[in-house]
6 protein chains.
Amino acid sequence: MKHGARNKIEATVTSVKKGDIMALAKFKVDTPHEMASVLTVESANDLKLKKGDRVMLVVKAIHVLPVKDA
Amino acid sequence: MKHGARNKIEATVTSVKKGDIMALAKFKVDTPHEMASVLTVESANDLKLKKGDRVMLVVKAIHVLPVKDA
Amino acid sequence: MKHGARNKIEATVTSVKKGDIMALAKFKVDTPHEMASVLTVESANDLKLKKGDRVMLVVKAIHVLPVKDA
Amino acid sequence: MKHGARNKIEATVTSVKKGDIMALAKFKVDTPHEMASVLTVESANDLKLKKGDRVMLVVKAIHVLPVKDA
Amino acid sequence: MKHGARNKIEATVTSVKKGDIMALAKFKVDTPHEMASVLTVESANDLKLKKGDRVMLVVKAIHVLPVKDA
Amino acid sequence: MKHGARNKIEATVTSVKKGDIMALAKFKVDTPHEMASVLTVESANDLKLKKGDRVMLVVKAIHVLPVKDA
């Protein structure tokens, strides 16, 4: 299967904590990988984002979709 | 500054492509790191998600927020 | 009222389960409808997405906003 | 493959329009299906959401992830 | 109509810029208002978030849904 | 630090309620500020969005990221 998303990161589950409705899963990522971000051109300009810059990529946990072989 | 998000990944910009409204930035991530996902307990159960599982973490690029030192 | 979103799907509530902070609502959708997705051109090309393709549209429940007549 | 998301809707691509960075794909959904929404308990209470209610489910197109057999 | 979302902010459009697929709209918000954030308990604890704290609320523009009287 | 997002709103925490996995924080925003929305051109056209329009900006609480000085 192919996914219409730029970020597909291989990971290993380290913990799963279940609440009443929502669960929080943690993963370790051991291998170098690529990531991609879509932002407005205005935001890219404000950041003066250019090749070689060191950045921090912030992602709320709710936006991370785990996919597993059946 | 501290961010109210579970995923904060150090990365290096490899390219920035600007369109009319939106831009696409690419990054390489060289260091092992942790990730976290919030999902419904139902989804966690459907996946039978447990410690040690190998998974793929799918994230649409629009959900990745680059943060840079001023 | 008009909403600045492409997907507006008529549905009937089948269950509501309330936790401490978050609730999970389920719906049935009985009528054929359209949907739309915005993705990067790169992702569309990787998928070789074209008219007539059968796909699965995956949406995390947190991104579904219920709207009800007052 | 199994996805850690509540909404997985079978659909047929009706059009794909590519811009400079982003693309817009349209789909038709012909078969009845279920949907799920996660919202705060406060929002569920404000809506007085209960079994049998007719609602409109609003989803921005950016949150719809197409998945296709390779 | 009632919306199953915590943030509903009255605003006036100041500009609309249309690209090929996506548009960027700007608004001014003149009246004091409330906002709400859902985050993991872990993130709230890391931030030591408590009544009276001054914070910055960061929201990507893609997550803002404009609604207008027909 | 600079954030690659259009909406950065100064606010004061009024309450924090913690559940098992997720927390709900409330804020007051006292100062006039700008906001931005990215939507499809199709949606902007459907709304006939133009300068001077009064709108309501709807944002699910999960999409609001609090950032605090360490």
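Note on naming: letters A, B, ... go to the chains in the order of the sequence lines (proteins, then strands), and numbering restarts at 1 for each one.
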Leading residue by heavy atom contact count with chain A [cutoff under 4.5 Å; candidates F:Val38, F:Asp20, F:Leu65]: F:Asp20

Interface moiety of A:Lys17 toward chain F, non-hydrogen atoms closer than 4.5 Å: both

Rounded distance [0.5 Å steps], OG in A:Ser43 versus NE2 in F:His3: 11.5 Å

Salt-bridge present (A:Asp46, F:Arg6; N to O < 4.0 Å): yes

Residue part contacting chain A, namely of F:Val64, when any heavy atom lies under 4.5 Å: backbone

Side chain proximity check, A:His63 to F:His63, heavy atoms < 4.5 angstrom: yes

Proximal component of A:Val58, with respect to chain F [non-hydrogen, under 4.5 Å]: side chain

Heavy-atom contact with chain F under 4.5 Å, split by part of A:Leu24: both

Toward chain F, the part of A:Lys48 with a non-hydrogen atom under 4.5 Å: neither

